[in-house]
There are 2 protein chains.
Amino acid sequence: MRPHEIAERLREFERVCRRRGVPLTVQRRAVLESVLERDDHPTADQIIEAVKQRIPGVSRTTVYRVLDMLVEAGVIRRLHHPGPAARFDGKTRRHHHMICKKCNKVIDLESAKLDRLSLPDVESEGFEIDDFSVHFTGICVECRQAKAQ
Amino acid sequence: MRPHEIAERLREFERVCRRRGVPLTVQRRAVLESVLERDDHPTADQIIEAVKQRIPGVSRTTVYRVLDMLVEAGVIRRLHHPGPAARFDGKTRRHHHMICKKCNKVIDLESAKLDRLSLPDVESEGFEIDDFSVHFTGICVECRQAKAQ
DNA sequence: CTCCGTGCAAAAGGTTTGCACTGGT
DNA sequence: ACCAGTGCAAACCTTTTGCACGGAG
């Protein structure tokens, strides 16, 4: 994410904290920055490493708690990928995913056409849809090349 | 899943085993039946409980290993839902999901219209798509009613 | 008869919790 | 000054691994 966009998101987070009446600590700032700086989908562990660059003595527990808080506040998203570890995504705009069956890598996919997908009529069943995303499964370039050899 | 459909799938699995030259053990049969009998998306733990109804002394390890083997053979699917535990699905046909943001429940959604979604042009980037599914997020009936009160 | 599959126990992640202390507002 | 946030350690839950035994082909 570009620096000015990160700054914008941090200001937005400042407002969220004030509205909720919760303190804006250095840890919270550092965790959010660490998530926003990456364009992939880091695990909690990867974020902890990044936060340690800023706050060497930071505790794993705190990072886990801050991540939960950020997800709860809608500032970042929690993703559910293949593999045991949860992943996080600072991108809150609608987007889609390509998931490689071989290496489990997840690649973001922006597509205005997919974004305009017409929703099925499930509202009648009582389910209230507020967003969607399309997951494609297949084989990524790297794995395809590896297989070819 | 209906009994005759389960029987059909078990016969199919028998063929898969023979083709692969691997033994069709009672454990493998029991695990597959336990997955097919449920229409939701059970965790490994729920499957272990179900298998214990048939084979009381069955080991967790074995169930985990059989589940891996079934996924690998393409007989069942591994799903990645909210929450720490992996989930399994005996349904291998294309289908879609509605995920409740409140209770994390995942509901299957069949839609011929969604099945015909035209794929974006990502093949040019080297990603080879073999399937897709649409994930809707929102609030389920139960949670909406609970909130209204 | 030969392996592969199984069961047990222990280890290996990833995440959560209890409690005393520290730091924002 | 107050109360929520933090750090530490230990617990917890899910899954994987090493090894000896037993059953399927």
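Keep in mind that what you see is a predicted model, and the values were worked out from it rather than measured.
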Return the value, rounded to whole Å, for the distance between atom [atom1] of [X] and atom [atom2] of [N].
X       : N      : atom1 : atom2 : result
B:Arg65 : C:dC4  : CZ    : P     : 14 Å
B:Ile55 : C:dC8  : CD1   : P     : 12 Å
B:Ile48 : D:dT16 : CD1   : P     : 11 Å
A:Glu49 : C:dG14 : CD    : C1'   : 14 Å
B:His81 : D:dT14 : NE2   : C1'   : 17 Å
B:Arg29 : C:dT6  : CZ    : C1'   : 18 Å
B:Leu24 : D:dG23 : CG    : C1'   : 13 Å
B:Met69 : D:dT16 : CE    : P     : 16 Å

For the side chain of A:Asp68, counting heavy atoms from C-beta on, which of C:dG14, C:dT16, D:dT14 is nearest?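 Comparing C:dG14, C:dT16, D:dT14 against the side chain of A:Asp68, the answer is C:dT16.
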Can you tell which of C:dT25, D:dT15, C:dG18 lies closest to the side chain of B:Ala85?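 Side chain of B:Ala85 sits closest to D:dT15.
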With respect to A:Asp115, which candidate in A:His96, A:Arg93, A:His95 satisfies the side-chain contact (heavy atoms from CB on, under 4.5 Å) definition?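 Answer after filtering A:His96, A:Arg93, A:His95: A:His96.
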With a cut-off of less than 4.0 Å, is there a side-chain N or O of [X] near OP1 or OP2 of [N]?
X       : N      : answer
A:Tyr64 : C:dT15 : yes
A:Gln27 : C:dG23 : no
A:Thr25 : D:dT6  : yes
A:Arg28 : D:dG5  : yes
A:Thr43 : C:dG14 : no

Is the closest basic N to carboxylate O distance between [X] and [Y] below 4.0 Å?
X       : Y        : answer
B:Lys91 : B:Glu110 : yes
B:Arg60 : B:Asp45  : yes
A:Glu33 : A:Arg9   : no

On DNA chain D, compare the nucleotides closest to B:Arg60 and B:Val22; which residue's is nearer the 5' end?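 Mapping each residue to its closest nucleotide by heavy atoms, the 5'-most match is B:Arg60.
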By nearest heavy atom, map B:Arg87 and B:Gly21 onto DNA chain D; which one lands nearer the 5' end?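 Result of the comparison: B:Arg87.
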Select from B:Thr61 and A:Pro23 the residue whose nearest nucleotide in DNA chain C is closer to the 5' end of that strand.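 So the residue in question is B:Thr61.
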Are B:His81 and B:His41, when compared by the centres of their aromatic rings, separated by less than 6.0 Å?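 Yes: the rings meet the under 6.0 Å criterion.
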For the side chain of B:Arg18 and the base of D:dG25, is some donor closer than 3.5 Å to an acceptor across the two?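 Side chain to base: no pair below 3.5 Å.
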